[in-house]
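Only heavy atoms go into these numbers, but all of them, side chains included; no hydrogens, no water, no symmetry mates. For reference, positions follow the sequence shown, starting with 1.
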Amino acid sequence: MTFQEIIQQGIPAELPSIKPYNTSINHAPKRKDILSTPEKELAIKNALRYFDKKHHAILAKEFADELKEFGRIYMYRFRPDYKMYARPISEYPGKCEQAKAIMHMIQNNLDYAVAQHPHELITYGGNGAVFQNWAQYLLTMQYLSEMTEEQTLVMYSGHPMGLFPSHSNAPRVVVTNGMMIPNYSKQDDWEKYNALGVTQYGQMTAGSYMYIGPQGIVHGTTITVLNAGRKIAKNKEGLSGKLFLTSGLGGMSGAQPKAGNIAGCITVCAEVNPKITEIRLSQGWIDEKISDLNELVERVKKAKATKEIVSIAYLGNIVEVWEKFADENVYVDLGSDQTSLHNPWAGGYYPVGISFDEANRMLASNPDLFKEKVQESLRRQVSAINKHTANGTYFFDYGNAFLLEASRAGADIMGKNNINFKYPSYVQDIMGPMCFDYGFGPFRWVCTSGNPTDLEKTDAIACNVLEGIMKNSPEEIQQQMADNIQWIKGAQENKLVVGSQARILYADAEGRTKIAEAFNNAIKNGEISAPIVLGRDHHDVSGTDSPYRETSNIYDGSQYTADMAIQNVIGDSFRGATWVSIHNGGGVGWGEVINGGFGMVLDGSKEAEKRLKSMLFWDVNNGISRRNWARNDGATFAIKRAMEIEPNLKVTLPNLVDESILHQLFN
C-alpha cells in the first residue's frame, strides 16, 4: 500500500504484526501502578472500543501486558511502518488543503528528531502528548483525509470524536486536552484518568499540533538571557565571559544552550538522560559534553578566562553542579532551571545520588520513595543556589514550577513575607513587563512545502516588514523591535530548524498581521510554493492563564482566574482560526494552568487575508486588554495605541487609586 492508502485506511481491518520494543528510541518512563483491578479492566475495555470484536481476545491480553509493563496502553502494534516526519503538503491525501496542513503538523510533532518519546506519542515535557495511543492517531489521520470544508473534526483529549457538519468559516478542528472537573485536577488524577484512556496532558503545543522543536522556545530563551544579562550589567556590557548555569535538555528546555550561544555567554546545562544529551549534541544544540565534575570546573574556568562563547552539557545531576561550583568558587552570573517540574513524580525531575536507570525503576516500583528523593534533591539544590545568590548570582524561575515544587518540598525558597518566593519568575522580571504587556509574543510559521527555500523567503519577508514598522515605532518598543530584527537576520546562520521548515519570532499585533499579510500575498503571487501555517506558543500575551508563569505579573488578584484563555479560544474560533485548542496543564503542571492555542492556514486567498486580520488582532489585544485592566502600565500604553489604530476597538481603562487613601482605611 502507498502512504496515501495507508492514511486513508485508518485502523486496519486485520491486525498488523507485533513490533519489537526498540531500545534505541528514547522511551517514556514507566508510569506508576495506580489503577485498581476493576479500573484496569475498564482501561482495557476502553481501549478495545477502537477494534472489531474478532480481535478483542488477542488485543485484551496484549493491552493488559502493556498496562502492566508501562502503566499505559499505547497500542504499539499499530504504530505505522512508514517514516514519521512532516511531508510536503502535496503528499497527503484529502479533499481539503487545511486538513492536509494539519496532517503535516501532526506528523512533525511525532518526528523522531522532534518528539521526546515518539513511540509513546509524547512530544515534549515528559508527558506532553499528541494522542494517547496509536489507534487515535490512525483514526484522526483518516478523518482528516476525508474532511471537506463543510466539516469540523472534534478532538477529546486525543480521541477523535468524529467529523461534524459545520461550514467553511468554522475551524476545521477543535481540540480539548485534559479539561477536568476542577476537583479532579490533581497530579494523581492525571495518572489515573490517563491510564484509563479518557484524558491526556497536551502540554502547550504538543496536543495543539504546533510544536516546532527546540526552536519554538529558543527565541524567547534568547530574549530572556539577553535581558537577564542587561539586568546584571554594570556598564551596559554584554554577556561575554559570563556563565549561565541551568538544567534540562529534553523538549523545550533543549533550547537553552543554543540561546546562550546566540546571547554570547558560557552555558552549562545539566541533563541526566544520556540519549537526549546525544540527540542535542548531534543536532548542534550543544557544543560539548562533559561527565566529570572536575573536568567541568576546569573547562568553565578556561572559557571564562578567554571569554569563549560555548555551550556545555554536563551529563549528570544539576544539584551536583550547583554544589561543586559553590565549593570551587566558580562564579555563576545567571542561574535558572528548566527541568519538567510540572511533572515532578513521573520523570520530569530526577533525584541526585541515584543513577538514571535506577531512578526510573524506583519511579515505577516505589513512587513514594521516588517522591521523597525528588523533594530531598530540591532542598539541596535550593540550598546550593542560595549560596550562589548570596555572592551575587541572578537566579530566576524559568516557568517550570521549580520554585513552586521547591516550596512544597520545604526548601528555603520563601521571601521574608512567607508569601512570595525569594526569586522572581522570568515573566515577572522580563517577559511580562517587556514583552507580553506590549503585545510581543512567540509568533511562528511553518512552510508546508517542506522546502528550505520557502523558509528563506519568509525570513526575508518578515525582516523587511519589521524594519519598515520599526521606523515609526514608539520608543517604548524599539528594543523589542531591534532584538527581533537581529534574531531573524541570524536565523539561517544559527541552524534552528529541527523537523518542519518552521520559524519563530516575537511580534506584536501589528507585526504579526503585516507579516502574515505579506506571506499570503507571496503565496498568491507564486513566490512561495505552498500554504503556510501560522501559529504561536501558548506561552504568549493572551493564550494562557498561569499564576506562576504567564500571568505572574498580574497583581490585581485575577492571576488565578482563567477567563482570558477561554475567551481567547472562543474568539479565535469564530474570527477565522483553522484549528483551536484549549488545555489544562501546560508547562507548569496539571491543575496549575489553562492555556489555549490556534493554527491558521494561509493559502493566498482573499478569505485568508480577511481571517488573518480579524483573528490576529483579537488574539493579541484580548491579552493586552486584560493586562491593562490589571493596571500594568505597558499594557495600558499598548491598548490605547491599539484603539487609536482601530476605531471599532473600545476597551475599559482602569482608574488608578491614590495609595494613601487605602493606607488610611486599615492603618
Side-chain angles (χ1 to χ4, degrees), residues 219-239 262-264 394 396 424 426-443 461-491 504-518 536 540-542 550-555 616-617 619-647 649-656:
H219 179 34
T221 307
T222 301
I223 288 176
T224 300
V225 175
L226 279 173
N227 285 297
R230 288 165 183 158
K231 289 181 74 68
I232 65 171
K234 302 293 191 296
N235 297 297
K236 295 187 177 181
E237 76 277 7
L239 283 164
I262 296 170
Y394 173 64
F396 55 94
Y426 75 118
V427 173
Q428 288 176 293
D429 255 18
I430 297 169
M431 300 306 289
M434 291 193 62
C435 294
F436 294 167
D437 284 354
Y438 289 100
F440 283 83
F443 178 59
I461 289 169
C463 187
N464 289 337
V465 169
L466 292 181
E467 287 179 332
I469 294 173
M470 187 175 176
K471 292 176 183 177
N472 298 308
S473 291
E475 182 180 349
E476 287 83 351
I477 61 172
Q478 284 287 312
Q479 184 67 65
Q480 291 92 321
M481 297 298 296
D483 283 349
N484 279 284
I485 290 168
Q486 179 182 347
W487 161 267
I488 199 67
K489 284 183 175 179
I504 185 171
L505 57 77
Y506 268 47
D508 60 4
E510 180 184 13
R512 299 182 204 204
T513 302
K514 288 183 176 178
I515 291 170
E517 188 176 9
R536 57 162 169 76
D540 197 5
V541 180
S542 179
E550 282 79 5
T551 46
S552 61
N553 72 318
I554 300 292
Y555 303 108
L616 292 175
F617 185 85
D619 189 68
V620 175
N621 281 295
N622 168 47
I624 297 176
S625 300
R626 182 268 183 92
R627 293 167 188 277
N628 146 76
W629 189 238
R631 296 183 289 270
N632 290 14
D633 291 342
T636 299
F637 169 86
I639 204 64
K640 285 180 178 178
R641 185 165 173 253
M643 285 191 282
E644 291 173 3
I645 295 170
E646 173 52 72
L649 177 66
K650 298 193 178 192
V651 170
T652 309
L653 300 175
N655 292 296
L656 303 183

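In this structure, the side chains of Y555 and R631 stay at 4.5 Å or more apart for every pair of heavy atoms. Annotation: side chain of E510 is in contact with side chain of R641 (closest heavy-atom distance under 4.5 Å). Taking the side chain as every heavy atom from C-beta outward, E550 and D540 never approach each other to under 4.5 Å. Inter-residue side-chain proximity for L466 and L505 is flagged as met; some heavy-atom pair is nearer than 4.5 Å. Side-chain contact between W487 and I504 is present, with at least one heavy-atom pair separated by less than 4.5 Å. Side-chain contact between N553 and D437: present, with at least one pair of heavy atoms (C-beta onward) separated by less than 4.5 Å. The shortest distance between side-chain heavy atoms of Y426 and S552 does not fall below 4.5 Å.
Between L649 and M643, the shortest heavy-atom contact is O-CG, 3.4 Å. The minimum heavy-atom distance between F440 and V541, with the atom names listed, is O-CG2, 3.7 Å. Pairing each heavy atom of I624 with each of A638, the nearest pair is CG2-CB, 3.8 Å. Closest approach of G220 and M431 over heavy atoms only: O-SD, 4.3 Å. Of all heavy-atom pairs between I488 and C463, the closest is CG2-CB, 3.7 Å. Minimum heavy-atom separation, K650 to P647: CE-O, 4.2 Å.
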| task | Go through the steps to decide whether Q479 and D483 satisfy the test side chain to side chain donor-acceptor pair (under 3.5 Å), and finish with yes or no. | result | CA-CA 6 Å; Q479 184 67 65; D483 283 349; 3.0 Å; yes
| request: With side chain to side chain donor-acceptor pair (under 3.5 Å) as the test, would you mind laying out the steps for S542 and D619 before giving the verdict? | output: CA-CA 6 Å; S542 179; D619 189 68; 5.2 Å; no
| task | Check step by step if salt bridge (charged side-chain N to carboxylate O under 4.0 Å, His left out) holds for E517 and R512. | result | CA-CA 8 Å; E517 188 176 9; R512 299 182 204 204; over 6 Å; no
| request: Under the salt bridge (charged side-chain N to carboxylate O under 4.0 Å, His left out) rule, what do K489 and E467 come out as? Steps first, then yes or no, please. | output: CA-CA 11 Å; K489 284 183 175 179; E467 287 179 332; 3.0 Å; yes
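Atoms CG and OG, from D508 and S473 in turn, are 7.5 Å apart once rounded to the nearest 0.5 Å. Rounded to the nearest 0.5 angstrom, R626 CZ and I554 CD1 are separated by 4.5 Å. Between the CD1 atom in I223 and the CG atom in N484 there is a gap of 5.0 Å [rounded to 0.5 Å]. K514 contributes atom NZ, which lies 15.5 Å from atom CD1 of I461 (distance to the nearest 0.5 angstrom). In this structure, the separation between NZ on K231 and CG on D429 is 4.0 Å, given to the nearest 0.5 Å. Between L226 atom CG and I430 atom CD1 the span is 9.5 Å, to the nearest 0.5 Å.
Checking side-chain atoms of N227 against main-chain N and O of R230 turns up no donor-acceptor pair under 3.5 Å. A donor-acceptor pair under 3.5 Å links the side-chain atoms of E237 to the main chain of N235, judged by distance alone. N621 places a side-chain N or O within donor-acceptor distance of the main-chain N or O of F617, the cut-off being under 3.5 Å. A donor-acceptor pair under 3.5 Å links the side-chain atoms of Q478 to the main chain of M470, judged by distance alone.
Aromatic rings of F396 and Y394 (six-membered ring for Trp) have centroids within the 6.0 Å cut-off, being under it.
Taking a cutoff of 4.0 Å between a charged side-chain nitrogen and a carboxylate oxygen, E644 and K640 do not qualify as a salt bridge.
Using bins of under 30°, 30° to 60° and over 60° for the plane-to-plane angle, the ring pair F436/Y506 lands in the parallel bin.
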